[in-house]
Amino acid sequence: MTVRTRFAPSPTGYMHIGGMRTALFNWLWARHNGGQFILRIDDTDRERNVDEALGPILHAFRWLGLDWDEGPQVGGPLGPYFQSQRGDLYREALDQLLQSGKAYRDFDPPEVTQTDRAAAEQEKRPFLNIRRALELSDAEREQYLAEGRPHVVRFLIDRAAKVSIDDHIRGHVEWDCGLIADPVICRGDGSPLYNFATVVDDAQLQITHVIRAEEHLTNTAVQALLFDALGYSRPEFAHIPFVAAPGTKEKLSKREKKLDKYRKSPQFKKLFDIADEILPRMGLSPSESLNPVMVSYYEAVGFLPEAVLNGLSRLGWSLDDKTEHMSLPFVTENFTLDRVVKGPAGLDPDKLLAYQEHWVGQLSTDEKVDRCLPFLTKAGLVQEPIDAAAVRFVSRLVDAVGERLKLFSDILRYDEYFVADDALTYDEKAFEKRLRKPSEAATLLGEFREHFAAAERFDADTLDALLHEWVGQKDVPMGKIIHALRVATTGKAVGPGMFDCLALLGKDRCLMRIDRALERI
RNA sequence: GCCCCCAUCGUCUAGAGGCCCAGGACAUUGGAUUCUCAGUCCAAAGACAGGGGUUCAAAUCCCCUUGGGGGUACCA
């Protein structure tokens, strides 16, 4: 039997990182077994513009390289793949249940059910429906129906029974049906409820493995019963732990109140700060609309799909006691459900950043340049169309920056190489410390400038030799001149190797910058 | 209230009765390298929630307690 898994997002306009992890595990299981992965859209809420709200979700899948065999944009033999277009399927299943007496029309208005519920609560016993509709005579029922009395359809639970599943991750889980209220499967307006629709869909789409977050575990009792009642064979279940907020065991949430909390949490703050710093420079609004709960954040800020995938894979799953860095093909090859962890896994920004460092390190200069360029153009540091000289320059910069480049947006930290020489801004503290305060700084820098101006070649090695030679002659400690030189030419106290920086700028720009700094002292 | 799930270093995890006075990774701290920063290398510190059993032997099995989480909707 071919393994078929699915992920069923509602078109909310963004892809949740926790949802992405669930989707990934489904994809992984399907691919590991040479099966199919299906995308089904839960768009029962018709208020929204589905196309618009689905875009970012599909984009997130594409960005990470997770393809789907059936679903939106690719179709498939068992479609449609939008719940809003599957009404006939639900109606058919509903009729079947009604006809066989496994479901019933409940004419009690919501207030009555609510009162019943409150009474049960009051008496500290589990709520069970009173099933007044079952007492109705056929004639009464006909009459209610004829007069169009509003009603819902409830699934009739056999209170004497027990249900159990053998979950791939949780093991054997059993429920006493005597404690389960009859769930509404069809609303007053005729639309199906999740628990019902998902069963019909999973059966019709021939899903073999339902892999979803553990918050659905309780729902599974009703769903398993529904599969049985409809005569479908049950899929296998795997309830994976949910992704928790950094440093907590709580489900990662997108709710605004929570986001404010995350923003202040020591572990999560780092990611929010990156967004606040980077996004405005590229003309994007900061963390309000783009935050680390959403997959698009990671793309926007310059993460590598490989890093996010690696991080997501290790969130609730591990291969063994030491393998940390894993590519998608490698994880696919080795992914099994029995190695999924049971407890909730907190998203760890530091670890994600560490994965990013690893995967960026695997890239060639050209590949890094390709990824950095969009950031530079969006920030207006490189003009479009990008010419060959610009590419060459960025390439040299990327080489000089080396392992300092972690996120691709980090390239924006080196804007001093792109601004005009007379527009360079200085780190004032560094300027003070390295140029103004040391009494000999101006003199030394001035003298070195002349030596420098005479240089015939201007590559890093030559400059290195030049400075060392000069320092030796003058008997000046290296530290006296090199920091002054750095602040004068780059405006900053830190950066790549000094000689790489100088070579990158070239002689003319260096001289201009030194002169400007000298005047400014 | 009731039902269900979960519980190893700060974090992600290894561990399916002896290989564990618990291993790895990230983070942290110290040292080395260096013109700064980043990096790299070396080192340190750091956990089986508690209590009972079972067993020659328990992080691992059972029970209880505690803690956390989820569900209990005409949400998904």
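Here the structure is a predicted model, which means the values were calculated and not measured. Naming convention: chains lettered A, B, ... in sequence-line order (proteins, then strands); numbering from 1 in each chain.
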- Item | Whichever of A/Gly497 and A/Thr113 has its nearest RNA chain B nucleotide further upstream toward 5' |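 Closest to the 5' end, via its nearest nucleotide, is A/Gly497.
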
- Message: Let me spell it out: for each of A/Asp189 and A/Ser318, pick the nucleotide of RNA chain B with the closest heavy atom. Which residue's pick is nearer the 5' end?
- Response: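 Residue closer to the 5' terminus by nearest nucleotide: A/Ser318.
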
- Item | Within-4.5 Å side-chain heavy-atom neighbours: A/Glu432 and A/Arg436 |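 Touching, per the 4.5 Å side-chain cut-off.
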
Sticking with atom [atom1], work out how far [N] lies from [M], rounded to a whole angstrom.
N      : M      : atom1 : result
B/rC64 : B/rA27 : P     : 41 Å
B/rG71 : B/rA14 : P     : 25 Å
B/rU13 : B/rG18 : P     : 23 Å
B/rC9  : B/rA22 : P     : 14 Å
B/rU54 : B/rU72 : P     : 42 Å
B/rG52 : B/rC75 : P     : 49 Å
B/rU11 : B/rA16 : C1'   : 24 Å

- Any side-chain donor near an acceptor of the partner, A/Asp106 and A/His151, under 3.5 Å: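 No - no donor-acceptor pair under 3.5 Å links their side chains.
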
- Item | Test item: side-chain donor near acceptor, A/Ser364 and A/Glu367, under 3.5 Å | yes

Between [options], which one does the side chain of [X] approach most closely?
X        : options                : answer
A/Arg187 : B/rC74, B/rC4, B/rG1   : B/rC74
A/Leu179 : B/rC2, B/rG39, B/rC74  : B/rC2
A/Val184 : B/rC35, B/rG39, B/rC74 : B/rC74
A/Arg170 : B/rA14, B/rC74, B/rC5  : B/rC5
A/Lys351 : B/rG68, B/rG24, B/rA38 : B/rG24
A/Asn219 : B/rU13, B/rA76, B/rC6  : B/rA76
A/Phe242 : B/rA38, B/rC5, B/rG69  : B/rG69
A/Arg486 : B/rU36, B/rA76, B/rC37 : B/rU36

- Query: Under 4.0 Å between a side-chain N/O of A/Arg40 and OP1 or OP2 of B/rA76, yes or no?
  - Reply: no

- Item | Below 4.0 Å: OP1/OP2 of B/rC12 and any side-chain N or O of A/Lys249 | yes

Quickly work out the [X] [atom1] to [N] [atom2] distance and round it to whole Å.
X        : N      : atom1 : atom2 : result
A/Glu174 : B/rG71 : CD    : P     : 22 Å
A/Arg314 : B/rU13 : CZ    : P     : 7 Å
A/Glu357 : B/rA27 : CD    : P     : 7 Å
A/His483 : B/rU36 : NE2   : P     : 6 Å
A/Arg212 : B/rC4  : CZ    : C1'   : 14 Å
A/Asp321 : B/rU8  : CG    : C1'   : 14 Å
A/Glu250 : B/rC6  : CD    : P     : 19 Å
A/Leu467 : B/rU34 : CG    : P     : 16 Å

- Query: Parallel, tilted or perpendicular: which describes the rings of A/His468 and A/Phe499, with under 30° parallel and over 60° perpendicular?
  - Reply: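 Tilted, since the angle between the ring planes falls between 30° and 60°.
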
- Ignoring hydrogens and angles, are the base of B/rA27 and the side chain of A/Asp348 linked by a donor-acceptor pair under 3.5 Å?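 For A/Asp348, whose side chain was compared with the base of B/rA27, there is no donor-acceptor pair (under 3.5 Å).
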
- Message: Given A/Val369, which partner from the list A/Leu397, A/Val398, A/Leu363 fulfils the side-chain contact (heavy atoms from CB on, under 4.5 Å) test?
- Response: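 Result: among A/Leu397, A/Val398, A/Leu363, A/Val398 is the only option passing the side-chain contact (heavy atoms from CB on, under 4.5 Å) with A/Val369.
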
- Task: Kindly confirm or rule out a cation-pi arrangement of A/Arg234 over A/Phe227, judged by NZ or CZ under 6.0 Å from the six-membered ring centre and within 45° of its axis?
- Result: no

- Report the C-alpha distance between A/His209 and A/Phe25 in whole Å, list the side-chain angles of each, state the deciding distance to 0.1 Å, and finish with yes or no for ring-ring contact (aromatic ring centres under 6.0 Å, His included). CA-CA 11 Å; A/His209 297 256; A/Phe25 280 19; over 10 Å; no

